[in-house]
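Down below is the structure, laid out as structure tokens.
Not measured: the values here are computed from a predicted model. Here is how names work: the chains are called A, B, and so on, in the same order as the sequence lines, proteins then strands, and each is numbered from 1.
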Number of protein chains: 2
Amino acid sequence: MPSKLFVSAQEVAERAGVSRSAVSRTFTPGASVSADTRRRVLEAAEALGYHVNHLARGLMRNESGIVCLIVSDVATPYRSALLRELTIQLQNAGKVAMFVNTDRSDGSVDRALQQAIRYRADASIILSGLPDKSITQLCLRSGQRLVLINRDDDQPGPLKINLDDYESGGRIATAFVRAGCKTLAFANSEAGTPSLMGRERGFIAAATKLGLEVVVERYGSTGYEAGRVLAQRMLTRAERPDGVFCATDLLACGFMDAARHQFGLSIPDQLCVAGFDDIEQASWSSFNLTTFAQPVMAIATQAVKWLASGGHEDEPDQAHSVRLKAELIWRGSIRKG
Amino acid sequence: MPSKLFVSAQEVAERAGVSRSAVSRTFTPGASVSADTRRRVLEAAEALGYHVNHLARGLMRNESGIVCLIVSDVATPYRSALLRELTIQLQNAGKVAMFVNTDRSDGSVDRALQQAIRYRADASIILSGLPDKSITQLCLRSGQRLVLINRDDDQPGPLKINLDDYESGGRIATAFVRAGCKTLAFANSEAGTPSLMGRERGFIAAATKLGLEVVVERYGSTGYEAGRVLAQRMLTRAERPDGVFCATDLLACGFMDAARHQFGLSIPDQLCVAGFDDIEQASWSSFNLTTFAQPVMAIATQAVKWLASGGHEDEPDQAHSVRLKAELIWRGSIRKG
DNA sequence: GGCACTGTTGCAAGCGCGTGCAAAACGAAC
DNA sequence: GTTCGTTTTGCACGCGCTTGCAACAGTGCC
């Protein structure tokens with residue numbers, strides 16, 4: 001493959017009749033070039049199809065312009081929505097996104113971060129998994145910024161963006177009670193990530209305060225199939241729940257489908273359901289699901305803003321943490337109170 | 001941000017008491033290093049947290065290891081599924097994925113390709129949009145490989161991966177007839193991409209051959225909402241269709257939801273529906289949609305294989321094209337014949 | 001014409017790495 | 001110990017770029 005056919009600044013310089021530095025300066029914002037030489041350089045560059053080699057530029061500037069996105073479960077609606085927003089905003093900020101999928105194999109977040117280091121990424125944004133502390137340290141030591149989204153970690157250095165999961169659990173418990181629900185349940189996956197557990201704890205705490213017990217069941221991943229299984233487990237109980245908070249929308253979709261098509265239940269008349277994420281499918285009329293919206297845009301904005309600002313390198317040992325609010329999107333899966 | 005804290009081969013060499021070349025060779029497969037020095041280098045590297053700078057390596061080798069993925073509508077189920085598979089397979093092939101989102105703004109595919117050129121990507125895979133011929137030429141001239149997925153283009157050079165859209169249209173028409181449908185319809189978007197139009201033409205041709213007319217309606221994008229609108233338009237016709245082929249699964253989901261919840265129709269008793277893509281939601285019991293599966297894995301395999309093989313540079317003017325079969329996934333949205 | 005000042009330009013060094021080449025080290029065979 | 005053949009090693013150059021520095025115009029003013 002090594003076919004050295006990319007045109008270099010040297011060739012442009014020769015064609016334009018200027019020095020190589022002049023070419024470089026033409027493509028460096030704020031450098032000192034006369035209008036005349038700039039024009040000649042641009043003409044020559046256009047004619048030859050020249051594009052600055054960002055690998056070499058990154059080498060000199062010690063700033064590659066690359067931001068590494070570390071993700072698993074990309075095919076999941078919430079993840080892909082967040083990914084979309086992040087990439088758009090990164091591009092607007094003049095960065096370029098490098099994508100590392102950690103779906104397969106173990107220790108993969110660490111390996112992903114090593115990949116980021118090898119390409120001298122300016123920063124890494126971690127959407128899934130939690131890196132080993134040693135790797136995190138190495139990243140920070142190398143001047144690489146780190147953003148953790150919905151991964152509640154206590155290491156200093158990275159920016160941590162989280163939601164008010166606990167409070168959300170409380171708000172939805174109130175809604176169930178207002179709707180007249182008597183038996184509440186929380187449908188969770190076995191993943192046990194802090195955000196999921198936060199929703200669970202908040203829901204239980206609030207329900208207890210309101211004088212109701214909560215049945216908790218955990219199974220599998222956070223997907224549709226797990227939701228079906230959870231429905232089968234919960235809806236066959238002696239005391240059947242009539243208000244179920246599902247930890248994610250995908251779980252809720254599976255839960256609702258099983259409740260309707262296998263148990264013949266009518267939603268919201270016989271069963272109230274709520275979810276979390278506000279994926280696109282939640283608004284489809286088959287589900288019409290009341291849920292909490294992930295503030296996808298705000299998350300991306302916060303992350304990119306922090307990166308663009310250089311990540312507050314003046315105070316590197318500070319604990320940087322942002323808490324965003326998940327807004328309740330009221331649809332038709334809970335009776336009006 | 002230029003904090004030059006990444007550890008370099010020089011430092012490793014000093015610590016290990018060898019020359020810099022020895023370090024370089026240690027990390028170059030197949031280079032000549034004695035077992036002893038290799039060990040010392042690896043120890044020093046480990047201790048210092050050294051990682052080869054792939055920017056510099058790419059500069060030397062004229063091969064960055066970067067593959068650029070050019071995508072729009074990432075948040076769409078089919079796209080994100082394909083993206084997932086591509087990134088996994090690229091990583092397995094030792095490549096790293098650079099992600100360019102072309103959702104916003106115009107001329108964006110061309111700009112994306114320029115980005116790829118700037119980072120000296122070894123190849124670009126285009127999932128959406130069609131680049132200008134001049135840019136394509138520049139890419140190829142620079143030794144960059146190009147893969148077009150589901151974009152039926154006639155330029156020589158790039159690898160083109162397409163499906164048997166036309167034939168699929170034919171197969172599903174037969175199924176509708178077997179199910180006893182009398183009035184067929186094709187629900188399409190206004191996007192007008194070759195793959196969508198291929199399905200339409202194939203469906204119409206086959207239906208005509210079978211002695212049935214096809215009502216065609218086109219509206220909006222290929223999403224859920226457009227499907228709803230198409231249902232409203234079609235199901236209010238004097239002669240209501242009873243067999244509808246939707247160009248994508250998302251359209252089908254919207255169509256089915258509107259048909260059921262707004263028109264009170266029962267599927268498949270009163271209305272048969274088919275889709276295309278086999279997104280995850282198609283298998284959900286709310287839809288249980290008969291559809292054609294995009295051979296996502298095969299697509300990714302073909303693309304990566306072609307890239308790994310160096311893209312047949314010996315015969316650059318050859319027209320490289322692959323046609324894959326979309327398999328019919330039979331579920332419950334069409335009556336059995 | 002001489003001067004100081006502002007604005008451009010070229011030179012050359014260096015970013016971190018790979019690699020050809022020749023020197024050095026090693027080992028075996030005499 | 002000498003010779004020859006085989007690794008192994010270090011040197012030095014170059015990949016394409018940025019940038020400090022010094023040389024170079026150009027301008028306005030005395």
Give the rounded distance in Å between these two atoms: [atom1] of [X] and [atom2] of [N].
X: A:Y119; N: C:dC15; atom1: OH; atom2: P; value: 22 Å
X: B:N62; N: D:dC17; atom1: CG; atom2: P; value: 11 Å
X: B:R61; N: C:dT19; atom1: CZ; atom2: C1'; value: 11 Å
X: B:F27; N: C:dT19; atom1: CZ; atom2: P; value: 15 Å
X: A:E63; N: C:dG16; atom1: CD; atom2: C1'; value: 17 Å
X: A:N53; N: C:dC15; atom1: CG; atom2: P; value: 18 Å
X: B:R120; N: D:dC17; atom1: CZ; atom2: C1'; value: 10 Å
X: A:R118; N: C:dC17; atom1: CZ; atom2: P; value: 13 Å

Quick check: does any side chain N or O of [X] sit under 3.5 Å from a backbone N or O of [Y], one acting as donor and the other as acceptor?
X: B:N162; Y: B:R323; value: no
X: A:E85; Y: A:L82; value: no
X: B:R79; Y: B:P77; value: no

Worksheet item: A:L59 has a side chain; which of D:dG16, C:dT9, C:dC17 sits nearest to it?
Response: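 Out of D:dG16, C:dT9, C:dC17, the nucleotide with an atom closest to A:L59's side chain is D:dG16.
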Worksheet item: So which nucleotide from D:dG16, C:dG16, D:dT9 ends up closest to the side chain of B:V33?
Response: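 That would be D:dT9.
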Worksheet entry | B:R57 side-chain N/O to C:dC17 phosphate OP1/OP2 under 4.0 Å |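 B:R57 to C:dC17 OP1/OP2: no side-chain N or O under 4.0 Å.
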Practice prompt. Answer yes or no: does a side-chain N or O of A:S32 lie under 4.0 Å from OP1 or OP2 of C:dG7?
Written response: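 Checking A:S32 against C:dG7: no side-chain N or O falls below 4.0 Å of OP1 or OP2.
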Worksheet item: Does the pair B:R39/B:E43 count as a salt bridge with the N-to-O cut at 4.0 Å?
Response: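 Counted as a salt bridge, because a side-chain N and a carboxylate O are separated by less than 4.0 Å.
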Fill in: Position toward the 5' end of DNA chain C (nearest nucleotide), A:A56 or A:A22
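It is A:A22 whose nearest nucleotide is closer to the 5' end.
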Close N/O contacts between protein and nucleotides 12-14 of chain C (under 3.5 Å):
none

Between the protein and nucleotides 21-26 of chain D, list the N/O to N/O atom pairs that are separated by less than 3.5 angstrom.
none

Is [X] touching bases, backbone alone, or none of the nucleic acid, heavy atoms closer than 4.0 Å?
X: B:S24; answer: base
X: B:Y50; answer: sugar-phosphate
X: B:V23; answer: nothing

Discussion item. Between A:I117 and A:C139, does the side chain to side chain contact (heavy atoms under 4.5 Å, CB included) criterion hold? Intermediate values first, please.
Written reply: CA-CA 7 Å; A:I117 292 179; A:C139 285; 4.1 Å; yes
Worksheet item: So do the side chains of A:L307 and A:L159 get within less than 4.5 Å of each other, counting heavy atoms only?
Response: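 Answer no - side chains too far apart.
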Worksheet item: Knowing that exactly one of B:Q115, B:Q144, B:R145 qualifies, which makes a side-chain hydrogen bond (donor to acceptor under 3.5 Å, both in side chains) with B:S124?
Response: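 The option that passes is B:Q144.
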Item to complete: Could you check A:D103, A:D73, A:N101 and say which one makes a side-chain hydrogen bond (donor to acceptor under 3.5 Å, both in side chains) with B:R84?
Response: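 Among A:D103, A:D73, A:N101, the one meeting side-chain hydrogen bond (donor to acceptor under 3.5 Å, both in side chains) with B:R84 is A:D103.
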Distance-only check: which donor-acceptor pairs under 3.5 Å involve side-chain atoms of residues 22-33 of chain A, not counting sequence neighbours?
| unit_1 | atom_1 | unit_2 | atom_2 | d |
| --- | --- | --- | --- | --- |
| A:T26 | OG1 | A:A22 | O | 2.8 |
| A:T28 | OG1 | A:S24 | O | 2.8 |

Worksheet item: What is the distance from atom CZ of B:R141 to atom OG of B:S134, rounded to the nearest 0.5 Å?
Response: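 That separation rounds to 9.5 Å.
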Practice prompt. Return the 5'-most residue of the pair A:H54, B:S34 with respect to DNA chain D, ranking by each residue's nearest nucleotide.
Written response: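 So the residue in question is B:S34.
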